[in-house]
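All of these numbers come straight from a predicted model, not from anything done at the bench.
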Amino acid sequence: MGLRLHNTLTKRVEELVTREAGKAAIYVCGPTVYDVTHLGHMRAAVVFDVLRRYLEFRGYQVMHVQNVTDVEDKIIARAQAEGVPTDAITVRYLEDYRQASRALNVMPPHVEPHASQHIPEMIEMIKKLVEGGYAYDAEGDVYFDVSRLPQYGKLSGQLPGELRAGARVEPGEHKRHPADFAVWKHAKPGEPNWDSPWGRGRPGWHIECSAMSLKYLGMGFDIHGGGDDLIFPHHENEIAQSEAYAATQPFARYWVHNAMVMVRGEKMSKSLHNYIAVADALGRFPADVIRYALAAVHYRKPMEVDEARLQDAAKAVDRLRIALASAETILARAGSRSTDGPASRLLRKAAESARTAFTAAMDDDLNTSSGLAAVFELAAEMNRVTDQVLKGGTDATETTPGLREAREALRTITAILGLRLDSAADEDLARRVRDLAVSLRQEAAQLFSEQPGQTLDEIVAFILAGREQARAKRDFATADRIRTRMAEAGILVDDLPTGPKWRIATDGRRPTADASGPRA
RNA sequence: GGCGGCGUAGCCAAGAGGCAAGGCAGGGGUCUGCAAAACCCCCACUCCCCGGUUCGAAUCCGGGCGCCGCCUCCA
């Protein structure tokens with residue numbers, strides 16, 4: 001059995017059967033670039049990134065299209081408030097979004113169409129809608145006539161007659177029905193505008209996604225994704241326009257929606273000003289930790305995000321990192337020698353179980369929580385074996401083939417969730433590590449007369465060598481002082497029977513993090 | 001008012017008819033100069049409440065209570 005996904009269209013979990021076998025065409029609603037990127041945006045990005053990575057793992061060739069809304073009321077309002085061109089706003093916040101995505105290891109979409117660059121396609125579409133009688137011109141505004149489309153409401157369950165009367169009509173509008181929505185808006189002074197058969201103006205919000213998804217993926221593409229706050233009216237209206245335009249159904253085969261990120265019981269949003277900016281979160285926690293927190297909860301369940309949640313995530317990520325690092329240590333010790341001993345066979349079995357359990361969990365509507373349970377069980381098995389080796393009960397060489405397999409399984413699975421578990425691959429962490437090196441050089445210079453090397457590894461090794469001398473002399477006061485100061489700098493030292501081992505702290509104790517904390 | 005979702009241990013969170021995954025926190029132990037990490041053991045007779053169906057329900061049905069989202073821009 002293959003991947004099953006919850007389809008908002010049917011409100012059921014269904015087996016994914018793509019338009020073309022082995023290929024998956026996905027359109028995800030991207031950001032409106034008018035303000036800083038917050039964790040809510042990144043939840044959507046991470047959810048669909050995990051979907052994409054999992055589809056690829058399952059052998060699909062994925063085509064991922066994600067739009068950028070760069071023509072929109074809020075952008076215009078912000079530009080006017082700041083007295084700058086709208087481009088200045090969209091460029092600034094698109095860059096912010098891209099940085100956040102890159103930091104969180106979100107793969108860039110294959111195509112990233114901008115609304116502003118697809119005006120002709122939208123006009124073309126609107127023309128055909130007007131010709132077909134699905135849309136009407138009302139003094140320079142063009143509205144979609146929802147009464148013309150029998151299937152209107154099939155996604156959201158919102159039927160035109162039941163929409164709260166008058167709720168959507170603003171003064172100066174000339175809609176025939178309250179549920180009709182704008183596909184073209186006449187230009188107001190100072191707004192970006194384009195020529196059209198209905199006079200100068202700009203497209204309505206929904207039309208861009210119809211025009212761009214159809215252009216790059218075509219009618220009947222596989223998965224349309226986005227936040228569940230987009231179900232109505234945005235996605236309902238996309239369906240209406242697209243199916244009226246194409247005169248066929250369906251516009252998209254599966255509709256996948258992620259639930260919202262919550263802050264103290266309320267949806268995190270720009271308009272409520274209760275958001276945590278990704279840039280701020282990254283100042284306090286490594287990307288892996290944020291990514292873990294966002295991916296660990298099932299995507300259709302609203303999730304609360306706060307400091308405590310991120311602390312928990314940091315501990316969980318640490319556990320995986322330590323399991324991996326310990327395995328590397330044992331593998332390095334075993335070198336090329338290997339015997340497929342009992343420990344090795346046990347690990348091979350554990351790796352196989354983990355892969356099977358993870359795949360089963362992910363096949364079931366991307367059940368990442370359940371999948372993570374499999375990951376932790378594997379990590380525990382690896383730890384049991386490495387523990388035995390470190391305690392001298394098992395020879396490292398007896399673990400090798402199985403341990404290698406277990407390590408690969410752990411790497412493969414966590415990579416699907418987008419975790420790197422490796423400081424070097426984490427841009428933000430790497431930057432912090434460089435800062436650490438600088439502060440530690442000063443620290444080392446105070447502690448010892450000799451000068452350490454340049455890299456963090458060299459510096460830490462230098463300090464730890466000095467500390468070991470103190471320990472050998474049973475000068476524990478000095479040894480403990482050094483360990484404490486290193487911890488303050490963000491380097492945690494574990495004195496194992498085999499000697500000291502260090503790691504970079506992943507919790508909130510970040511040496512270079514500014515103290516401002518998340519916005520609230 | 002309409003549409004939809006959720007309520008599982010101190011916290012987070014899977015499970016959706018057959019002995020309640022996993023993470024964090026907590027308690028005890030092994031190891032250790034100490035700390036940390038790791039490992040071992042313990043930590044929900046019970047899943048918001050009340051009825052019902054069933055040999056059997058956290059899971060199905062009915063009725064409550066509480067919370068949230070959408071119906072206006074939103075990931």
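Residue A:T8 is out of contact with every strand shown, counting any heavy-atom pair closer than 4.0 Å. A:R503 comes within 4.0 angstrom of the backbone, heavy atoms only, and of no base. Looking at heavy-atom distances under 4.0 Å, A:L230 makes contact with sugar-phosphate atoms alone, never a base. Nucleic acid contact for A:R467: base, since at least one base atom lies under 4.0 Å from a heavy atom of the residue. Counting non-hydrogen atoms under 4.0 angstrom, A:D495 reaches a base of the nucleic acid. Among the heavy atoms of the strands lying under 4.0 Å from A:G30 are primed sugar atoms or P, OP1, OP2 only; no base atom is included. Using a 4.0 Å heavy-atom distance criterion, A:G40 is classed as a base contact. Contact annotation for A:V261: base contact, defined as any heavy-atom pair under 4.0 Å involving a base atom. Within 4.0 Å of A:K74, counting heavy atoms only, lies at least one base atom of the nucleic acid. Within 4.0 Å of A:Q388, counting heavy atoms only, lies no atom of the nucleic acid at all.
Using the Watson-Crick or G-U wobble rule with both distances under 3.5 Å, B:C34 pairs with nothing in any strand shown. Under the Watson-Crick or G-U wobble criterion, with both distances below 3.5 Å, B:G26 is paired with B:C42. Base-pair partner of B:G69: B:C3 (Watson-Crick or G-U wobble, both distances under 3.5 Å).
Separation of the C1' atoms belonging to B:U30 and B:A36 is 15 Å when rounded to the nearest angstrom. Between B:C3 and B:G63, the distance separating the two P atoms is 14 Å to the nearest Å. Using atom P as the reference point in both B:G4 and B:C47, the two lie 28 Å apart (nearest Å).
Spacing between atom CG of A:D480 and atom C1' of B:A35 amounts to 7 Å, rounded to whole angstrom units.
Salt bridge A:D475/A:R471: absent, no basic N to carboxylate O contact under 4.0 Å.
Defined by atom type and a distance below 3.5 Å, a donor-acceptor pair is missing between the side-chain atoms of A:H6 and A:D365. A donor atom on one side chain and an acceptor atom on the other are found under 3.5 Å apart for A:Q241 and A:S210.
Under the salt bridge (Lys or Arg N to Asp or Glu O under 4.0 Å) criterion, A:D318 pairs with A:R503, not counting sequence neighbours. Under the salt bridge (Lys or Arg N to Asp or Glu O under 4.0 Å) criterion, A:E266 pairs with no residue, sequence neighbours left out. Under the side-chain hydrogen bond (donor to acceptor under 3.5 Å, both in side chains) criterion, A:D222 pairs with no residue, sequence neighbours left out.
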Close N or O pairs between protein and nucleotides 25-30 of chain B (under 3.5 Å):
| from | atom 1 | to | atom 2 | distance (Å) |
| --- | --- | --- | --- | --- |
| B:A25 | OP1 | A:K315 | NZ | 2.3 |

Nucleotides 13-16 of chain B: which of its N/O atoms have a protein N/O under 3.5 Å away?
| from | atom 1 | to | atom 2 | distance (Å) |
| --- | --- | --- | --- | --- |
| B:A14 | OP1 | A:H298 | N | 3.1 |
| B:A14 | OP2 | A:K301 | NZ | 3.1 |
| B:A14 | O5' | A:S369 | OG | 3.4 |
| B:A14 | O3' | A:N367 | ND2 | 2.7 |
| B:G15 | OP1 | A:N367 | ND2 | 2.5 |

Under 3.5 Å, side-chain donor or acceptor atoms of residues 370-382 of chain A against the rest of the protein: list the pairs with distances, not counting sequence neighbours.
| from | atom 1 | to | atom 2 | distance (Å) |
| --- | --- | --- | --- | --- |
| A:E381 | OE1 | A:R384 | NH2 | 3.2 |
| A:E381 | OE2 | A:R384 | NE | 3.4 |

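Nearest-nucleotide positions on RNA chain B place A:K11 closer to the 5' end than the other of A:K11 and A:R474.
Between A:H257 and A:H235, the angle of the ring planes lies from 30° to 60°, which puts this pair in the tilted group. Using a 30° and 60° split on the angle between ring planes, A:F251 and A:H224 fall in the tilted class, from 30° to 60°.
An aromatic stacking contact links A:F476 with the base of B:G33, defined here by ring centres under 5.5 Å apart and ring planes under 30° from parallel.
In this model, no side-chain donor or acceptor of A:D228 finds a partner on the base of B:G5 within 3.5 Å. Judged by distance alone with a 3.5 Å cut-off, a donor-acceptor contact links the side chain of A:R483 to the base of B:A35.
With A:H110 contributing its side chain and A:H64 its backbone, the two residues share a donor-acceptor pair below 3.5 Å.
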